[in-house]
Amino acid sequence: MAWFVLVLAGLFEIGWAVGLKYTEGFTRLWPSVLTAIALVTSMGLLGISLRTLPLGTAYAVWTGIGTLGTGILGIVLFKEPATAARLVCMSLIIAGIVGLKVVTPK
């Protein structure tokens, strides 16, 4: 269950990171409110997952999910470049997340 909560926290991290772009420097009310809700939810879920999972593993996976998802959405939504090097680096993040899941007890 802790891993499920951690993945959910990572998805909310993607939400608040991408939401920052839509707030336009926190000058737009509703995107700012939704971004803040996603941030608080993400942190809260991370905290819950830390009841069971080791801090280093949980934090690395949480940030990895956020980094990967934000990178993908940057390419899809904001037309950021999808270079071969960038995609290889994203693949390495996936490998790191999977590796941490495999070697972490519980």
Side-chain angles (χ1 to χ4, degrees):
M1 188 62 154
W3 282 99
F4 174 76
V5 171
L6 180 59
V7 169
L8 197 56
L11 294 175
F12 276 99
E13 184 188 7
I14 296 167
W16 70 258
V18 172
L20 285 174
K21 182 80 168 171
Y22 291 105
T23 69
E24 296 179 12
F26 295 104
T27 60
R28 297 179 62 211
L29 176 63
W30 291 112
S32 298
V33 169
L34 293 173
T35 297
I37 290 169
L39 174 63
V40 170
T41 303
S42 180
M43 292 284 187
L45 291 170
L46 174 62
I48 291 168
S49 75
L50 288 173
R51 292 178 186 163
T52 306
L53 297 173
L55 172 63
T57 298
Y59 186 74
V61 170
W62 179 68
T63 58
I65 292 169
T67 302
L68 182 64
T70 303
I72 291 168
L73 289 178
I75 291 168
V76 172
L77 297 175
F78 306 114
K79 309 296 187 239
E80 295 175 0
T83 63
R86 194 169 187 195
L87 297 175
V88 167
C89 291
M90 288 180 178
S91 298
L92 292 171
I93 293 170
I94 294 170
I97 291 169
V98 170
L100 286 169
K101 169 65 173 123
V102 169
V103 301
T104 302
K106 293 193 179 187

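Side-chain atoms are counted along with the backbone in the values below, which use heavy atoms only and exclude waters and symmetry mates.
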In terms of heavy-atom contacts, Ala82 and Leu87 come closest through O-CD1, 3.9 Å
Identify the heavy atoms of Ala9 and Leu45 that sit nearest to each other, and give their distance.
CB-CB, 3.5 Å
Rounded to the nearest 0.5 angstrom, the OG1-CZ distance for Thr35 and Phe26 is 6.5 Å
Testing Thr70, Thr23, Leu39 for side chain to side chain contact (heavy atoms under 4.5 Å, CB included) with Trp16, which one passes?
Leu39
Taking atom OG of Ser91 and atom CG of Leu68, what is their separation to the nearest 0.5 Å?
8.5 Å
Using the rule that Ile, Leu, Val, Met, Phe, Trp and Tyr join whenever any side-chain heavy atoms are under 4.5 Å apart, tell me whether Leu46 and Leu11 fall into a single cluster.
yes
Same apolar cluster (I L V M F W Y, side chains within < 4.5 Å links), Ile75/Val88
no
Linked, directly or transitively: Val102 and Leu92 (ILVMFWY side chains, under 4.5 Å)
no
Do other residues, nucleotides or ligands put more than 12 heavy atoms under 6.0 Å from the CZ atom of Phe4?
no
Please identify which of these residues, Ile97, Leu8, Ile94, meets the side chain to side chain contact (heavy atoms under 4.5 Å, CB included) condition with Ile65.
Ile97
How far apart are the closest heavy atoms of Arg28 and Tyr22, and which atoms are they?
NH1-O, 2.9 Å
Between Thr63 and Ala60 (side chain of the first, backbone of the second, donor and acceptor by atom type, cut-off under 3.5 Å), is there such a pair?
yes
When clusters are formed by joining ILVMFWY residues with side-chain heavy atoms under 4.5 Å apart, either directly or through shared neighbours, do Val40 and Leu29 land in the same one?
no
For residues Lys101 and Val7, determine if any side-chain heavy atom of one lies less than 4.5 Å from a side-chain heavy atom of the other.
no
Common cluster, Leu50/Met43, ILVMFWY with side-chain heavy-atom separation under 4.5 Å:
yes
Spatial distance of atom OG1 (Thr67) from atom CD1 (Ile72) [nearest 0.5 Å]:
11.0 Å
On a heavy-atom basis, which atom in Ser49 and which in Leu6 lie closest, and how many Å separate them?
OG-CD1, 3.7 Å
Which heavy atom of Gly66 sits nearest to which heavy atom of Ile14, and what is that distance?
CA-CG1, 3.8 Å
Side-chain donor-acceptor contact under 3.5 Å, Ser42 with Trp62:
yes
Could you check Thr104 against Trp3 for side-chain contact (heavy atoms from CB on, under 4.5 Å), going step by step and ending with a plain yes or no?
CA-CA 10 Å; Thr104 302; Trp3 282 99; 3.9 Å; yes
